[in-house]
Amino acid sequence: MSITPQIEPLAKIKSKRMIKLLTSGKRLDGRGLLDYRKIEIKNGVIEKAEGSALVSLGETKVLVGVKIETGSPYPDLPNQGALTVNAEFVPLAHRYFEPGPPDENSIELARIVDRGIRESGAINMESLVIIPGRLVDVVFVDIYILNHDGNLIDASGIAAISALLNSKLPVYRVNESGEAEKTEEYNPLPIRDCPIPVTLAKINDKIVLDPSLDEENTASAKLTMTFTKDGKICAIQKSGIGTFTLQEVIEAQKIAREKANEIRKNFFREWI
Amino acid sequence: MVTVQKLINEEGLRVDGRRLDELRPIRMEVGLLANADGSAYIEHGKNKIIVAVYGPKEAQPKHVSLHDRAVVRCRYHMAPFSTDERKSPAPSRREIEISKVVREALEPVIFTEYFPRSMIDIFIEVLQSDGGSRCAAITASSLALADAGIPLRDLVVGCAVGKVEGKLVLDPSDIEDKLGEADMPIAFIPVLGKISLLQMDGMFTEEEFIKALNMAKEACMKIYALQKQTLKEKYLQVEKEVRESLTLKE
């Protein structure tokens, strides 16, 4: 069951200053309304994983590990590999986070990242079949939040696609008796697109890009849009109790599209 | 195996005979559950959804309450028999996400600040699902809130736009959602002109996205008229019953 969350109140002096600054087009950390924080991507940080990436977005830190195992295909998609995205809000990332099964926020985060990867067709699922209808590669994308300072969706989405782009796919050989045997060889995981999520928050009718945690706690709503390499929208999610006008949504879409292209240009140059 | 099926025929009609911009038949009812403070039922295509609202009431457990407003709890749940294959009654990840986005779609219209430290419960049971169930659930939930007499800024209306064989289709059914290329559910608050739920999965160009938003908004206005009609009918019925009882006394 979903319940109105209790949001830690921001010191009045801080929220007043945030709102005052916004009216003059500035933010608490010195950014302009449409400035993104510094992105850093480190690939291959976990050797035992088939792929991994550590992404920092300002103080937000997200680690994504990709494990690839074999399993049965989905009954309705017998000739496709499978993808599972999971997010863990580990308690070391923030005092809000408590150990336990995933709550609605981590489920929502995982599902937004999942939609971006799945709907863009980023992974060539048809090439992950070992024995048609029986055995396929299952790609597990595990999102690990290490430090929470807002905008977990973008950090996780960027980390997920980075990790997938540097993932290796174990090669299986089917022997005479029809059994699959793992070989020592690896191929790169076949990737066809580079979906990038971009999140905006609405604070007092002002739209800011890449909200920090303080901004998220003050914002009435957030909007995340994920763009493919051709600039198509492949996933959208509005979250939070607030609302957007039609005009704001169309405006936000333009801002997000531009930013997604810029991120792709800076970090995923081969995907323009 | 799924057989290749054409979802739009030569005349531009869909599998169920609808035009591209046509809604499925919608029927609504309010006040059908005696125990709930407010209730509503909607049939939207083959979707059959029942919603009960309890509250405002004392927040339980107390530590979840907020000092300046009511908290809203929302549970979107699908009956095990609501789908083609039996759905486990345990809440799935999908249902947990939908409970959250539906709550966030409804909260903006509720005057929660009138009821500090209290709680409003919204229980949604999908008895049969047919694509676009979260939208129909939102439409019905706002009726149930109104039926409970909870002060609202407006009703909330849900409707989806999909993409099938490269064409935008209004209010996609189950099969259009499954085999189609995109699905974008939205919730609209007509009086405020605001969008309180927006999700999408699939593939839209910028142009399609803007067109789809406007299609969904227009459809929401049609459903909104039906919603208001449903509420009015209930009170006209009450009026009729009162009048009848008065004439009996004479």
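Here the structure is a predicted model, which means the values were calculated and not measured. Within every chain, numbering begins at 1; the chains are lettered A, B, ... in the order of the sequence lines, protein sequences first and strands thereafter.
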Hey, which of [options] has the most heavy atom pairs under 4.5 Å with chain A?
{"options": "B/M203, B/R75, B/M119", "result": "B/M203"}
{"options": "B/K194, B/Q199, B/R103, B/E181", "result": "B/R103"}
{"options": "B/K100, B/M184, B/K217, B/E208", "result": "B/K100"}
{"options": "B/E107, B/E95, B/H77", "result": "B/E107"}
{"options": "B/S99, B/P91, B/A187, B/A70", "result": "B/S99"}

Among B/I50, B/V53, B/V51, which residue meets the side chain to side chain contact (heavy atoms under 4.5 Å, CB included) test with B/I124?
-> B/V51
With B/S142, the side chain to side chain contact (heavy atoms under 4.5 Å, CB included) member among B/L155, B/I122, B/D147 | B/L155
Portion of [X] that has a non-hydrogen atom of chain B nearer than 4.5 angstrom:
{"X": "A/D114", "result": "neither"}
{"X": "A/T228", "result": "side chain"}
{"X": "A/Q6", "result": "both"}
{"X": "A/L223", "result": "side chain"}
{"X": "A/R257", "result": "side chain"}

Toward chain A, the part of [X] with a non-hydrogen atom under 4.5 Å:
{"X": "B/R94", "answer": "both"}
{"X": "B/H63", "answer": "backbone"}
{"X": "B/L197", "answer": "backbone"}
{"X": "B/R93", "answer": "both"}
{"X": "B/Y76", "answer": "neither"}
{"X": "B/I189", "answer": "side chain"}
{"X": "B/S65", "answer": "backbone"}
{"X": "B/V64", "answer": "both"}

Taken to the nearest 0.5 Å, the spacing of A/H148 NE2 from A/I145 CD1 works out to 8.0 Å
Within the side chain of B/D37, is there an N or O that forms a donor-acceptor pair under 3.5 Å with the backbone of B/A148?
-> no
Please check if atom [atom1] in [X] has more than 12 non-hydrogen atoms from other residues, nucleotides or ligands closer than 6.0 Å.
{"X": "B/E207", "atom1": "CD", "result": "no"}
{"X": "A/R134", "atom1": "CZ", "result": "no"}
{"X": "B/K57", "atom1": "NZ", "result": "yes"}
{"X": "B/K46", "atom1": "NZ", "result": "no"}
{"X": "B/Y114", "atom1": "OH", "result": "no"}
{"X": "A/F89", "atom1": "CZ", "result": "yes"}

Please step through side-chain contact (heavy atoms from CB on, under 4.5 Å) for the pair A/K222 and A/Q237, ending with a clear verdict.
-> CA-CA 8 Å; A/K222 288 192 295 173; A/Q237 182 92 338; over 6 Å; no
What pair of heavy atoms forms the shortest contact from B/I49 to B/S133, and how long is it?
-> CD1-O, 3.4 Å
Pick from A/K232, A/R111, A/R115 with the largest number of heavy-atom pairs that fall under 4.5 Å of chain B = A/R111
Top residue by heavy-atom pair count (under 4.5 Å) with chain B, among A/D103, A/D230, A/L246?
-> A/L246
